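Below is one structure, written out as structure tokens; the observations come after it.
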Amino acid sequence: MLGRGAGAWLGRSGGLGEFLAAGPGMVRGVLRDSVPRPYAVSWTRECRMFPHEQNHVVSLLGTARVDLTQWGLIAADEIHLWLLELPPAGMAPTAAERRMATAPRPPQARPDRMLAEGGVKLESPQVLGAMNRLEVWFQPEEAAPGGAAPAGHPPTSDPRSQPSPTLAASTQPTSAYQLEGDLTRVRLLLRGQNIGGVADISVDGGASLRELPVHDEDQSDFWVRGERIQVHDANSDRTRVHVSGKPASIEARGMALVGGQIQMDRAGNRVWIDGTGSMKLPIGRDLNGQELSRPRSLAVRWTGGMDFDGRRAVFQRQVTAESDQQRVSTEQLEVTLRQALDFAHLDAVRGAKAQPELAEIACYGGVTLDNESLGPDQSLLSRDQMRLRNLVVNQETGAVHGEGPGELTSVRRAGAAGPTIPGTALPGARTAEASANGNQLQFLRVQFARGLDGRLLTTRRELTLSDRVRSVYGPVSGWEQQLDLDDPDSLSADAVTIDCDQLTVRTLPSVTRRGRDAVELEALGNTRVDGQAFSAQAHRMTYADEKDMLVLDSGGRGFAQLIQQSQPGQPQSNLRAKRISYWLRTKQANVEGAESFDFSNLGGFTPK
């Protein structure tokens, strides 16, 4: 011991006694164990040891510093360590003691609890940190009964009057924890003379707890922040975490959770938030399953709560999910990952490929989907919206299923791809290949009563809307303008309406227009098509935009009918037949199984 004003008094029967060292001082020595371990203790004001209840207390005052090999370093304005004297009975003497049978055996003790206050700095194999106050409880592993400390009940009393709590046994430590906060409480397990692991951690006031890798620098970390953090069974796969704050947050494997109260159970592989919160999920595919050039994020917000079991996350009430130009609004959102996350082994999959990938997105209780697509110059190419009751999109198979009633609206430049559901912009559409009228905006509205089914992840994409389908398609002068299905007199000469029982939209690579997609429409059942210059009725109608051809088919149920006039107010040309093929630009018709012809107005259409 180096210092001044030191005095010591032995305890009864050679046990721990008392001592006082006033002024600056330092103690260096070696702890006796199977492996000698040096230590160094220093202070600037005072060092003393005195009995307290069942313990002896060692107090270091003024720039206190304790450096214990293998245990680590702790520094603070004041450090108080409670030592529990061990009974000599049952302790085997060392070889040196056997050689000197008459020599008194030095007293033995182990740490029971510790208090550090003022600018606390902690460096140990498992805990690194900075805080204003640190309270630590030590518990030998062999004394633990195997039951974990109850969740939500960390030590709350001053170590000066609180006996060490009972702790659960621990597994081999695999991680270290970086702590920051105002008050930190830690329960440590002792394995012989070494720290066996961290049992429980509680951090209050600007709390931050970050799990750091011990053996693998590429291991994914785990970061918790909030006003209060409680971690139970921290050194095992049974870890339970409760975070509260304004807000509280948990980050792991590139994901981020934010909420007022966040809870995690590693054994149950579950994370949940009651009430309002948000989640950021890294994705390698967009909402229709297409590979992204770089990883991006899906941001989800809700007001009712979230429950995530590692594979499926369920979000409740006023839910929104956004990714780039895509947005989903619904009352309940379920997101399923292709590969489940194991919260007990977050480092099982490493590297960039460990980013979660979406397998399925399901929306219930009313769904609104919005999508905007941009050109290479970031100019707006299309704006789509879909509203319906329920919707499920499987990103692995491309299957889409929706339940109506619903409505789809789309505004897009003439050179953009054909209408699709929001979030499924068709690859291959190129504005450079647009027609001379490529800046003309086209509007589409489709209403349906029953549902929607289709497939998106193929070169031939298909979407079918069923039951009382009504639609209107035509040019508009601005992005906000819409066409009214219930006011046909307001439609322009180029607008067309289609009513049917079922409408299918198909897109496939164009044969004649490089870099663009061709669009095909098929209307089935009680089909009626109306334009300002023509009207058609049939059981089945198909339209191919690449051929600009409309085919009317009776389907063996009476006759298809086509009525056309060159200009409004002019005489009509009427044609009834089993099958009618009509080219809209040339106004030519090919007729099969005709019932009647009325070519009194030859300016209408001509046989081909």
Side-chain angles (χ1 to χ4, degrees), residues 370-375 377 379-386 407-422 425-426 429-448 463 465 469-500 503 505-507 510 512-513 515-523 527-536 541-550 562-570 582-587 604-605:
D370 294 280
N371 177 73
E372 288 186 350
S373 60
L374 304 178
D377 59 353
S379 62
L380 186 60
L381 294 183
S382 65
R383 179 180 292 165
D384 309 308
Q385 184 181 85
M386 173 177 283
E407 180 180 75
L408 180 152
T409 60
S410 176
V411 183
R412 58 188 60 241
R413 298 187 186 278
T420 60
I421 72 169
L426 300 173
R430 300 290 185 268
T431 55
E433 299 296 327
S435 63
N437 197 28
N439 288 326
Q440 172 66 60
L441 299 179
Q442 299 289 337
F443 176 84
L444 170 70
R445 183 193 303 276
V446 182
Q447 297 176 345
F448 53 96
L463 192 65
L465 312 173
V469 181
R470 303 173 64 214
S471 61
V472 59
Y473 180 78
V476 292
S477 59
W479 290 101
E480 305 302 327
Q481 183 184 356
Q482 298 190 6
L483 302 182
D484 191 349
L485 268 169
D486 298 320
D487 187 7
D489 294 336
S490 66
L491 302 180
S492 67
D494 296 323
V496 176
T497 63
I498 302 175
D499 293 347
C500 59
L503 178 64
V505 181
R506 299 185 183 91
T507 59
S510 174
T512 61
R513 295 170 296 186
R516 292 186 59 190
D517 291 299
V519 179
E520 296 180 353
L521 301 178
E522 179 182 7
T527 303
R528 181 182 178 93
V529 184
D530 290 294
Q532 196 172 82
F534 76 97
S535 176
M541 181 277 293
T542 62
Y543 171 72
D545 75 329
E546 194 162 34
K547 300 177 181 178
D548 195 40
M549 182 176 69
L550 181 72
L562 177 62
I563 301 173
Q564 197 267 342
Q565 57 185 169
S566 58
Q567 293 181 0
Q570 295 295 321
Y582 178 60
W583 285 261
L584 281 82
R585 290 196 184 92
T586 63
K587 298 182 181 179
F605 56 75

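Computed from a prediction, not measured in an experiment: that's the story for all the values here. No hydrogens, no waters, no symmetry mates; every other heavy atom, side chains included, goes into these values.
- Using a 4.5 Å heavy-atom cutoff, the side chains of Arg528 and Ser535 are in contact.
- In this structure, the separation between CG on Asn371 and CD on Gln385 is 11.0 Å, given to the nearest 0.5 Å.
- You'll find the side chain of Ile498 stays beyond 4.5 Å of the side chain of Tyr543, heavy atoms only.
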message: Applying side chain to side chain contact (heavy atoms under 4.5 Å, CB included) to Arg413 and Leu441, what does each step give before you reach the verdict?
response: CA-CA 4 Å; Arg413 298 187 186 278; Leu441 299 179; 3.9 Å; yes
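- Salt bridge present: Glu480 and Arg383 bring a charged side-chain N and a carboxylate O closer than 4.0 Å.
- Arg470 places none of its side-chain heavy atoms less than 4.5 Å from the side chain of Thr497.
- Nearest heavy atom pair, residue Lys547 against residue Trp583, reads O-CD1, 3.7 Å.
- Contact between Val476 and Gln440 at its shortest, heavy atoms only, is O-NE2, 3.1 Å.
- Within the model, atoms CD of Glu407 and OG of Ser471 stand 11.5 Å from one another, a figure rounded to the nearest 0.5 Å.
- In this structure, the side chains of Val505 and Val519 come closer than 4.5 Å at one or more pairs of heavy atoms.
- Asp484 and Arg445 are not joined by a salt bridge, as no carboxylate oxygen comes within less than 4.0 angstrom of a charged side-chain nitrogen.
- In the model, Asp494 has no side-chain atom that pairs as donor or acceptor with a side-chain atom of Ser492 under 3.5 Å.
- Nearest heavy-atom pair across Trp479 and Leu380 is CZ2-O, 3.4 Å.
- Atom CG of Asp384 sits about 7.5 Å away from atom OG1 of Thr409, to the nearest 0.5 Å.
- In this structure, Leu483 and Tyr473 have side chains that are not in contact, with every pair of non-hydrogen atoms separated by 4.5 Å or more.
- When all heavy atoms are compared, the tightest approach of Glu522 to Thr542 is CG-CG2, 4.0 Å.
- Nearest heavy-atom pair across Leu562 and Ala536 is CD1-CB, 4.0 Å.
- For the pair Phe443 and Gln481, the tightest heavy-atom approach, listed with the atom from each and the gap, is CD1-O, 3.9 Å.
- Between atom CD of residue Gln447 and atom CG of residue Leu408 there is a gap of 10.5 Å, rounded to the nearest 0.5 Å.
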